[in-house]
2 protein chains.
Amino acid sequence: MNPKNNPPTMQEIAKRLGVSLSTVSRALKNHPRISEKTKQEVLKIAKEIEYEPNQLALSLLNKRINAIGVVVPQIKYHLYASAISGIEKAANEAGFNIMICQTNELFEREVSIVKELIASRVAGLIVSVASESRDFAHLEQVLRKGIPLVLFNRDCEQLKVPKVVIDNYTAAFQATEKLIESGCENIAFLAGPPQVQISNKRLTGYKSALRKHHLQIDYDLIIHCEFSQENAANATLKLLRSRQQPDAILAFSDQMAIGAMLSVKEAGLKIPEDISIIGFNNEPVDLLLEPKLSSVDQPGFEMGQIATQLLLNQLEENYEELNPPKKVLATKLVVRESLRF
Amino acid sequence: MNPKNNPPTMQEIAKRLGVSLSTVSRALKNHPRISEKTKQEVLKIAKEIEYEPNQLALSLLNKRINAIGVVVPQIKYHLYASAISGIEKAANEAGFNIMICQTNELFEREVSIVKELIASRVAGLIVSVASESRDFAHLEQVLRKGIPLVLFNRDCEQLKVPKVVIDNYTAAFQATEKLIESGCENIAFLAGPPQVQISNKRLTGYKSALRKHHLQIDYDLIIHCEFSQENAANATLKLLRSRQQPDAILAFSDQMAIGAMLSVKEAGLKIPEDISIIGFNNEPVDLLLEPKLSSVDQPGFEMGQIATQLLLNQLEENYEELNPPKKVLATKLVVRESLRF
DNA sequence: CTGAAAGCGCTAACAG
DNA sequence: CTGTTAGCGCTTTCAG
């Protein structure tokens with residue numbers, strides 16, 4: 001029992017044994033040029049006093065800590081929880097820890113988190129930008145400082161860094177086409193805030209699909225709102241009261257799709273008979289809804305793993321900063337009961 | 001553009017200005033005994049070269065980093081996601097960062113995570129133990145080293161440390177009583193693994209309620225299984241085939257309650273007419289189920305905040321290690337459609 | 001008001 | 001095989 005005591009150091013081991021610090025160091029890291037006997041003695045004392053190497057001191061020498069900073073909007077979103085697991089796995093395998101931070105979609109938080117992670121000298125950053133963020137000077141600074149950075153999921157065109165995203169355009173295109181093929185003609189799109197680039201990509205995909213099938217693009221059926229069930233529910237209420245009632249809704253996320261479902265049901269309409277609905281993310285909850293929600297499945301875990309790989313590549317000694325790679329992963333529309341057949 | 005360059009140091013500022021290192025240090029931290037002029041010059045250059053203090057060096061001096069280690073089973077559980085937000089808020093307000101780690105309920109992971117956090121010299125640890133864990137030597141070591149530790153939610157009686165938990169006994173007692181009052185007589189309990197202490201507390205509460213109301217305790221109606229929808233669904237299948245079919249199920253978690261619901265429905269039984277169901281955690285999904293799931297609400301965010309406060313108290317200079325406090329928070333049974341009236 | 005020097009815990013040359 | 005030394009970036013005495 002030595003509470004409040006300073007943690008044991010190599011210095012202490014050295015003193016106890018009457019050897020030099022470097023001998024202890026060598027013994028502890030299994031250096032070849034050390035006698036078996038000294039080694040065992042050192043190891044014994046180390047165990048005795050519960051010596052743990054001070055990562056701080058090591059990190060100061062390496063000029064960086066053995067950890068990757070992960071910045072996401074919210075860990076509770078299924079996509080980010082999966083991605084974090086993927087990152088964690090890949091990072092641990094490479095001997096790195098991860099420091100998870102959530103921005104809660106706030107720009108200010110994002111800026112200060114990134115700043116702090118840099119100050120903590122993380123080895124690199126894996127980021128999915130907050131929905132509020134329009135200005136990316138904080139990330140450009142990361143680049144300027146030569147700190148490895150990878151973006152995932154929420155892309156940001158102006159930043160020239162390695163990134164992993166899904167093919168948002170195609171995903172939305174296919175989902176929209178599916179709705180059209182099942183007979184829907186007035187398809188609404190519940191988009192995210194207008195500054196969210198992946199939302200805009202999906203919007204483009206949606207419009208393309210309409211155009212391809214010679215359907216009019218009705219701007220009353222395109223609504224931008226914050227990511228939340230409640231906002232989406234309100235937006236849907238508005239949609240249902242609009243001149244041209246929709247017969248399908250494509251939502252930016254499952255959370256938003258669920259908001260839509262609630263409003264649709266409340267209005268006494270049937271899903272999918274009156275209105276078909278498709279969301280994004282393939283959250284586990286989709287299976288529990290009635291009707292079961294159709295959704296675009298995104299490979300979150302894989303996205304995390306690849307993002308980490310891209311980061312680790314940059315950490316390699318001989319990394320060449322060519323054109324930063326952009327991995328685009330395919331999605332899969334999972335058709336369930338919320339779609340007419 | 002100076003990628004791969006070392007980050008700027010105070011040394012550099014000193015050289016550029018032809019002053020000493022200590023002057024720069026003083027200027028940067030607004031020391032009283034420094035001329036306004038020098039200060040401004042230093043500040044100007046600091047901004048110019050985008051100097052960021054090296055937390056690593058500071059931490060080495062302080063012998064610890066400015067962060068609290070948070071160890072939870074899985075961040076995706078609603079309860080832990082909320083608790084983390086509470087911890088994050090309280091920690092940030094006190095100037096601390098948090099390092100979130102998930103054990104995935106694995107004992108081995110927990111041990112190695114705790115070890116690494118110690119090696120990284122976190123200021124303290126906030127932990128919710130993995131379901132697998134029966135041996136707590138790794139946490140006792142934390143105590144022995146005098147590193148502040150707080151447990152939350154998943155209690156562990158043998159560890160004498162500050163903790164925040166809910167009143168598991170009463171919560172289960174009340175839930176069971178509610179079922180009894182609504183006319184149920186064969187109430188099953190879907191428990192967690194037998195080594196999980198809070199599950200056993202709930203079990204005790206459940207039994208007490210039965211006894212109070214002179215109902216027989218039927219051990220066929222008590223099933224231990226791993227926390228997962230699937231396991232719970234299988235366990236429920238077994239229950240439904242048992243000699244005495246239950247007319248109510250109290251589940252350790254909402255995830256498990258959901259598994260139970262699926263099996264019950266699949267068996268062609270009606271909820272709540274044939275079987276009433278109550279879960280724990282009050283997950284947002286409960287509201288989306290049909291019927292809406294009744295659940296014991298736990299104040300996750302608050303639990304996180306209090307846990308952090310208990311940790312910060314230990315960090316105070318003059319902390320007296322008396323009897324470690326144990327905060328027991330009240331829960332609230334949220335009655336919804338899955339209960340008969 | 002400013003500078004020099006020691007030291008936080010450890011590693012890595014460089015000498016023996 | 002082992003010891004000595006310098007240094008990672010910074011704060012903090014102690015001297016000017």
Side-chain angles (χ1 to χ4, degrees), chain A residues 4-43 45-46 49-67 95 116 118-123 145 147, chain B residues 4-43 45-46 49-66 116 118-123 145 147:
Chain A
K4 294 266 154 140
N5 252 9
N6 286 338
T9 66
M10 284 172 37
Q11 205 45 275
E12 264 173 63
I13 303 183
K15 247 180 224 155
R16 286 219 199 188
L17 239 59
V19 297
S20 83
L21 188 58
S22 21
T23 303
V24 177
S25 170
R26 286 191 269 253
L28 253 23
K29 45 186 354 208
N30 227 335
H31 191 92
R33 284 193 299 188
I34 184 113
S35 75
E36 188 60 26
K37 182 163 160 289
T38 342
K39 194 166 86 184
Q40 290 311 326
E41 286 175 344
V42 169
L43 257 32
I45 302 214
I49 64 176
E50 295 189 318
Y51 169 79
E52 296 274 0
N54 187 335
Q55 284 300 337
L56 237 41
L58 293 176
S59 303
L60 183 57
L61 283 173
N62 293 332
K63 289 160 188 269
R64 66 166 203 221
I65 62 174
N66 212 25
E116 285 186 14
I118 295 180
S120 307
R121 298 297 191 263
V122 288
K145 296 202 173 207
I147 298 169
Chain B
K4 294 268 155 139
N5 251 9
N6 287 339
T9 68
M10 284 171 39
Q11 203 48 272
E12 264 173 63
I13 303 183
K15 246 180 224 155
R16 286 219 198 188
L17 238 60
V19 297
S20 82
L21 188 56
S22 17
T23 302
V24 176
S25 171
R26 286 192 269 254
L28 252 23
K29 45 184 355 207
N30 226 336
H31 190 92
R33 282 192 303 188
I34 184 115
S35 74
E36 189 60 25
K37 182 162 160 289
T38 342
K39 195 165 85 183
Q40 290 312 328
E41 285 175 345
V42 169
L43 257 34
I45 300 214
I49 65 177
E50 294 187 321
Y51 169 79
E52 295 274 359
N54 187 336
Q55 284 301 337
L56 237 40
L58 294 176
S59 303
L60 182 58
L61 285 172
N62 293 332
K63 290 162 187 267
R64 68 167 202 221
I65 62 174
N66 210 26
E116 285 185 15
I118 295 179
S120 308
R121 299 295 191 264
V122 288
K145 296 204 173 206
I147 299 169

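A quick note: this is a predicted structure, and the numbers were derived from the prediction, not measured. Convention: sequence-line order gives letters A, B, ...; per-chain numbering from 1.
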Qualifying residues under side chain to side chain donor-acceptor pair (under 3.5 Å), relative to Thr23(A), sequence neighbours excluded: Ser20(A)
With Glu50(B) via side chain to side chain donor-acceptor pair (under 3.5 Å) - residues at least two apart: Gln141(A), Arg144(A)
Hits for side chain to side chain donor-acceptor pair (under 3.5 Å) against Ser25(B), two or more places apart or cross-chain, chain-then-number order -> none
Salt-bridge contact Lys39(A)-Glu36(A) (side-chain N to carboxylate O under 4.0 Å): yes
Under a 4.0 Å N-O cut-off, is there an ion pair linking Glu12(B) with Arg16(B)? no
For a quick test of reading the model: is some side-chain N or O of Ser20(B) closer than 4.0 Å to OP1 or OP2 of dG3(C)? yes
Between Ile49(B) (CD1) and dG9(D) (P), how many Å, whole number? 12 Å
His31(B) NE2 to dC1(C) C1', in whole Å, measures 9 Å
What's the angle between the local helix axes at either end of the helix from dC1(C)-dG16(D) to dG16(C)-dC1(D), using five pairs per end and rounding to 10 degrees? 50°
Using whole Å, what does the distance between atom P of nucleotide dC1(C) and atom NZ of Lys37(B) come to? 13 Å
The contact string for nucleotides 6-16 of chain C, one letter per nucleotide 5' to 3', using protein heavy atoms under 4.0 Å with B, S and - for base, sugar-phosphate only and none, comes out as -BBBBBBB---
Side-chain contact test, heavy atoms from C-beta onward, threshold under 4.5 Å: evaluate it for Arg26(B) versus Pro32(B) and give yes or no. no
Sequence neighbours left out, what passes side chain to side chain donor-acceptor pair (under 3.5 Å) with Glu116(B)? Give chain and number order. Asn97(A)
Which whole-number value in Å describes the distance from Leu17(B) CG to dT2(C) C1'? 13 Å
Nucleotide dG9(D), atom P - distance to NZ of Lys15(B) in whole Å: 11 Å
Could you tell me whether the side chain of Asn66(A) and the main chain of Ser59(A) form a donor-acceptor pair under 3.5 Å? no
To the nearest angstrom, how far is Ile13(B) atom CD1 from dC10(D) atom C1'? 12 Å
Note: Ser120(B) and Ile65(B) closest approach over all heavy atoms is O-CG2, 3.6 Å
Separation of dT11(D) atom P from Ile34(B) atom CD1, nearest Å, is 12 Å
Contact class for Thr38(A) (heavy atom, under 4.0 Å): base, sugar-phosphate, or nothing? sugar-phosphate
